[in-house]
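Notes follow once the structure below has been shown.
Here is the naming used below: chain letters follow the sequence lines, and residue numbers restart at 1 for every chain.
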Amino acid sequence: MKVDDIMDVALRRGFIFPASEIYGGVSGFWEYGHLGTKLRQNWENAWRRHFLGLDPNYHEITTTNIMPKGVFEGSGHLENFNDPLTSCTKCNQRFRADDLVQEATGRSVEDLTPLELSEAIRAEGITCPKCKGELGEVNLFNMMFQVNIGAAGGLTGYLRPETAQGSFVSFKRMFEVLRNKLPMGLAIVGRVYRNEISPRQGFFRLREFNQAELQIFFDPDAFEEHPDFETVRDTVLRVKQFGSDDIVSLTCGELVESRGIGKFYVYHMARVQEFYLTTLRIPPELFRFRELGGKEKAFYNKVHWDVEVYMETLGGFKEVGGIHYRTDHDLGGHEKASKQRLQVNIDGKKFVPHVLELSFGVDRNFWALMDVFYEQEGERTVFHFPPALAPVTVAVFPLLNKPELIAAAEALYTRLSPHFSADYDRGGSIGRRYRRHDEVGTPYCLTVDFDTVEKGTVTLRDRDSMAQEAVALDTVAATLIARLCP
RNA sequence: GCGGCUAUAGUCUAGUGGCAGGACGGAAGCUUCCCAAGCUUUUGGCGCGGGUUCGAAUCCCGCUAGCCGCACCA
């Protein structure tokens, strides 16, 4: 199985491994080794360059992982994800305990604690609605991890379940700092936490993971337009529309005209696709937008397409991101809960900005790179990562263990390492060293031989073609840069 | 969270109550060595915690993790 092969390399070579492994691990928590950290950072930096470059007024901020309870009252996370659950001890069906008690007693049970609900279930003799089996203890279940801030009796806080809230609570100040202009984008790349009941699918559903999100605040009256729309009007998007099983190719112009989706939204779809096809080099047939509708779509999302990549290891197209038109749901909620005015005043027009959210799961994107670019070519295992994303850009080898070659190779490594992600390896045969670096996706290897000492050339070996060419020492850095930025 | 199966070195694996073995990998060295060649030396393991037993990798219980199914996944 491909998933086993990739996980084997990932564990063996230092991409990812189970968290707190020596204590047995905890499901849903993973650690990144040195190569995984580099690959993830490279993805994140590519994401920053692409999305923050879309508009001079899109910026990255850094906000806290722990936020006070009030934030999640404003966001709706507490209200919507704090369900008291009980399950049948016989058939394991789960139920909302408050619904069952309320139905049996006719009383409002909103303020009852889980313990009181458990007692009420026993007192009323409530049994499983499905099989009449005995119901278990009531447990409050919220996807958020709760933490105590300060000494006993202090504030209740939560680990953020999405980075987005950081942008919303920072909106008021950042709008002022950035001199009252819309659209304004606030990006956050960072850790988030969700207490999944039962994470499965290996690395795909995590309890602690990374998001890269860009919240774009804009005037809702401008949703139908975008100043650069003409540059993407004829761009062909791969889309799977709600209610259809087919992936079709539609231009941005067609999507606006046939579906009435605002140009502001479709423009950003084009830029997202560009990121996947051009920067990440995902083959087009493995990429699509999937429109969500009906129950799948959160009530506050007016338009919602997921970004999906086909992953063989996960058996199909899987969500790696989403484009959500969240309207004024978030700022409106925080306005009520915080009692702060979050409306803006632009040229005398007062309104609460709407939000377009570009949201990406970093770890899922990381896994997508591992899946899409993994190749087993006979005995050769290779990751064909785009060179700019590969954890190691260039590896330097002395052909032989001769003092003059080692000295020359070390000098070359020392010269390159401040500017490139470089590695040095003198262990085993030259062929073995090439294979070692194929296995972690290093695009370029430089081998120092006697020609290096005598004529000042090194052998540049290309990962994908395995072709070799002589390159002058003086031009090695320039050659690498030219290949990294075609 | 429930049920079934599973857990031996970095990876894969042999071992069914009596000395934990192999392959690959890693390290050091030899070999003017450009695609996992060869040789020498070496490293390193029974997931965790209880129990049964003279003796447990092996049998039993619990925990943790993984896989499959159910449930969950705003």
Side-chain angles (χ1 to χ4, degrees), chain A residues 1 3-5 7-14 17-30 33 72 75-83 85-95 130 133 136-137 139 141-144 161-162 164 194-207 292 295-301 304 318-319 322 324 326 329 377-382 397-405 425-439 445-453 458-463 465-470:
Chain A
M1 284 282 286
V3 61
D4 299 318
D5 297 337
M7 195 51 87
D8 175 57
V9 178
L11 291 168
R12 217 157 29 72
R13 300 304 308 272
F17 47 92
S20 305
E21 201 177 12
I22 62 169
Y23 287 95
V26 190
S27 74
F29 294 92
W30 288 75
F72 301 106
S75 72
H77 283 92
L78 274 174
E79 193 184 340
N80 292 321
F81 312 117
N82 217 353
D83 303 336
L85 296 180
T86 180
S87 57
C88 174
T89 54
K90 214 164 126 192
C91 69
N92 298 320
Q93 194 77 30
R94 296 177 85 92
F95 302 97
K130 205 174 162 192
E137 290 298 306
N139 289 304
F141 184 73
N142 189 287
M143 293 250 300
M144 289 193 291
E162 58 178 12
R194 297 182 191 183
N195 199 3
E196 297 280 352
I197 296 173
S198 168
R200 284 281 181 88
Q201 303 172 72
F203 197 62
F204 198 68
R205 268 180 72 200
L206 307 175
R207 286 178 165 139
L292 275 73
K295 272 189 157 179
E296 281 184 311
K297 192 171 72 170
F299 67 93
Y300 50 79
N301 279 337
H304 183 169
K318 294 290 173 183
E319 176 193 356
H324 314 128
R326 299 175 67 127
H329 172 79
E377 300 170 356
E379 295 226 312
R380 188 167 95 115
T381 300
V382 52
F397 314 136
L399 181 63
L400 305 171
N401 277 320
K402 295 286 171 188
E404 61 268 44
L405 298 191
D425 189 355
R426 47 160 288 205
S429 71
I430 191 69
R432 177 184 293 274
R433 285 176 270 170
Y434 285 145
R435 294 301 170 83
R436 253 187 220 136
H437 275 87
D438 287 339
E439 195 180 50
C445 295
L446 296 171
T447 300
V448 168
D449 58 17
F450 290 109
D451 281 349
T452 310
V453 180
V458 291
T459 304
L460 172 63
R461 182 266 195 182
D462 181 84
R463 175 196 67 200
S465 65
M466 291 195 276
Q468 306 184 47
E469 61 184 294

Check every strand shown and say whether Phe204(A) touches a base, only sugar-phosphate, or nothing at a heavy-atom separation below 4.0 Å.
nothing
Rounded off to whole Å, could you give me the CZ-to-C1' distance for the Phe29(A) and A65(B) pair?
14 Å
Rounding to an integer number of angstrom, what distance separates A74(B) and U64(B) when you compare their C1' atoms?
29 Å
Any strand counts, and the cut-off is 3.5 Å on both contacts for Watson-Crick or G-U wobble. Which nucleotide pairs with G49(B)?
C61(B)
Summarise how protein sits on nucleotides 22-40 of chain B as a single string, 5' to 3': B when a protein heavy atom is under 4.0 Å from the base, S for sugar-phosphate-only contact, - for no contact.
---SSS-S--BBBBBS---
G1(B) and G18(B), which share atom name P, separated by this distance in whole Å
36 Å
Rounded C1' spacing from A9(B) to C59(B) in Å:
25 Å
Quantified in whole Å, what is the P atom distance between nucleotide C68(B) and nucleotide C30(B)?
48 Å
So, Arg207(A) side chain and Ser27(A) main chain: donor-acceptor pair closer than 3.5 Å or not?
yes
Which nucleotide, if any, forms a Watson-Crick or G-U wobble pair with C12(B), using both distances under 3.5 Å?
G22(B)
Given 3.5 Å as the limit, does a donor-acceptor pair link the side chain of Asp4(A) with the main chain of Met7(A), or not?
no
Please identify each residue that fulfils salt bridge (charged side-chain N to carboxylate O under 4.0 Å, His left out) with Glu21(A), with sequence neighbours left out.
none
Scan Val26(A) against the nucleic acid and name what it touches under 4.0 Å (heavy atoms): base, sugar-phosphate only, or nothing.
sugar-phosphate
For Glu379(A), is the CD atom crowded, meaning more than 12 foreign heavy atoms sit under 6.0 Å from it?
no
Using modelled atom types and a 3.5 Å cut-off, is there a donor and acceptor pairing between side-chain atoms of Arg194(A) and backbone atoms of Met143(A)?
no
If the C1' atom of U13(B) is compared with that of G55(B), how far apart are they to the nearest Å?
26 Å
Knowing that exactly one of Arg432(A), Arg433(A), Arg461(A) qualifies, which makes a salt bridge (Lys or Arg N to Asp or Glu O under 4.0 Å) with Asp438(A)?
Arg461(A)
